[in-house]
Amino acid sequence: MKAIVKTSPEPGGLALTDVPTPIPGETQVLVKIKKTAICGTDIHIYNWDAWAQKTIKTPQIIGHEFVGIVETVGKQVTNVKPGQMVSGEGHIVCGKCRHCITGHPHLCRKTVGIGVNMDGVFAEYAVIPCENIWICDERISQDVLSVLDPLGNATHSALSFNVLGEDVLITGAGPIGLMCIPIIKRAGARNIVVTDINPSRLEMAQSLGATKVVDVRAEKLTNVLASIDSMTEGFDIGLEMSGSGAAFADMIDNMANGGKIAILGILPDDTKADWSKIIFNSLTLKGIYGRQMYDTWYRMSALLQSGLEDDIAKIITHRFDYRDYEEAFQLMESGHSGKVILEW
Ligand code: NAD
Ligand code: ZN
């Protein structure tokens, strides 16, 4: 089969390669991949940054966002059948540790990432453990089903704190920050302010229903706040979706006392924030890794079935044949896109 493989430990270093089609083990599922989406993580691997250098072992098939059709299943698999349309949770957990056996597998210390610590899904076929398979509602478009993984990141973050009647700041209007907007609107947020440094992404944020968008290169968030009549005490809830230390520091400066922040963006080690504000203003910070298994999957599927699908479809801006992956990666890296899909 054809697969997109990170062949060499250097920037770029991807090749469309002929590799053996994997054979599913007794508890595994072989999926014929239909569509995959490119994640920020794939861009880190493409760019071969410090994180990728210490994490990825070449050669490896990359990618973890997918939808496909079940081709065959291992002997012991009973939860899914050939022909079903499926996506899957990209984090494989141990199933034995305290968190795994007490219903919190998203906190497993032995988590292994598909397409990160093992071969991924940017291929004609992929093998997935049956526990990680999510059977899809076939009324939802395949494009949207291919981005359930990042939509799960957004859902997990956005529903971490009760936003009903609250004022919410989203720093970063990348695909995941954008996905948070229609979710928290549905969950009853009052004002939704979104910051970025990319005008085209801020335009998307506006069209998805943000109350106000702020290009932080041109405007100070604090000044913008003063222009929203109903907001006098700062943001009740923050969703850090940029991975920018400057954005995080700005968020800390603009939170109401007692505010709560979910951090999904991968902040640099040298990120500085005003600790006295975090402490004396009684802020709560919550790190978010992946999706809550499988609460997030149920909630986002229900949201998609009740109208969220149309909003998520707007965030998918480009589609490429998998053979044109190089062009797709360069577009994604440029920031002039929402979500980019590879069709197999
Ligand atoms: P992305 O890189 O496409 O989006 C980040 C956005 O932040 C971009 O639009 C960028 O222009 C914007 N930005 C940069 N500097 C900014 C600033 N100073 N102020 C405001 N915005 C700024 O990423 P994404 O795919 O949407 O993911 C969001 C973040 O979440 C990334 O940091 C990603 O690495 C991280 N992530 C974490 C997990 C997890 O499990 N914790 C999972 C997936 C992604
Ligand atoms: Zn575990």
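Counting convention: from 1, in listed order, for ligands and their atoms alike. Worth saying up front: this structure is predicted, and the values here are computed from it rather than measured.
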Return the residue, atom name and 0.1 Å-rounded distance of the protein heavy atom closest to [atom].
atom	value
atom 31 (C) of ligand 1	Gly265 CA, 4.2 Å
atom 35 (C) of ligand 1	Leu264 O, 3.6 Å
atom 4 (O) of ligand 1	Gly174 CA, 3.3 Å
atom 32 (O) of ligand 1	Ile266 N, 3.3 Å
atom 11 (O) of ligand 1	Asp196 OD1, 2.6 Å
atom 41 (N) of ligand 1	Ile288 O, 2.8 Å
atom 22 (C) of ligand 1	Ser242 CB, 3.7 Å
atom 26 (O) of ligand 1	Ile176 N, 3.0 Å

Using a 4.0 Å heavy-atom threshold (strictly under), name the region of Val216 that reaches ligand 1: side chain, backbone, both or neither. side chain
I need the contact type for Asn153 against ligand 1. Using non-hydrogen atoms and a strict under-4.0 Å cut-off, is it side chain, backbone, both or neither? side chain
Polar contact flag for [X] and ligand 1 (N/O pairs, less than 3.5 Å):
X	answer
Ile197	no
Thr171	no
Cys39	no
Arg201	yes

Do [Y] and [X] meet the salt-bridge criterion of a basic N to acidic O distance under 4.0 Å?
X	Y	answer
Lys339	Glu65	yes
Lys314	Asp310	no
Asp167	Arg190	yes
Lys35	Asp143	yes
Glu89	Arg291	yes
Lys2	Glu124	no

Heavy-atom distance to [atom]: which of [options] wins?
atom	options	result
atom 29 (C) of ligand 1	Met241, Arg291, His91	Met241
atom 16 (C) of ligand 1	Ser244, Gly335, Ala154	Ser244
atom 19 (N) of ligand 1	Gly243, Ala247, Ser200	Ala247

Aromatic contact between Tyr289 and His156, with the criterion being ring centroids under 6.0 Å apart: yes or no? no
Centroid separation Tyr298 to Trp134 less than 6.0 Å: yes
The atoms of ligand 1 lying under 4.0 Å from a heavy atom of Thr195, numbered in the order shown, are 20 (C), 21 (N)
Which of the numbered atoms in ligand 1 are under 4.0 angstrom from any heavy atom belonging to Gly290? 39 (C), 40 (O)
Which class fits the ring pair Tyr46 and Phe329: parallel under 30°, tilted 30 to 60°, perpendicular over 60°? tilted
When Phe66, Phe320, Tyr322 are each screened for ring pair (Phe, Tyr, Trp, His ring centres under 6.0 Å) with Trp344, the one that passes is Tyr322
Rounded to the nearest 10°, what angle sits at the Zn ion (ligand 2) between SG of Cys100 and SG of Cys94? 120°
Look at the N, O or S atoms of His99, main chain and side chain alike, and state whether any lies under 2.8 Å from the Zn ion (ligand 2). no
Hey, are Tyr325 and Gln330 close enough side-chain-wise for a donor-acceptor pair under 3.5 Å? no
Any luck finding a side-chain donor-acceptor pair between Asn191 and Ser230 under 3.5 Å? yes
Taking atom 2 (O) of ligand 1 as the reference point, report whether a protein heavy atom occurs under 4.0 Å from it. no
Strictly distance-based, threshold 3.5 Å: is any side-chain N or O of Gln84 a donor or acceptor partner for the main-chain N or O of Lys81? yes
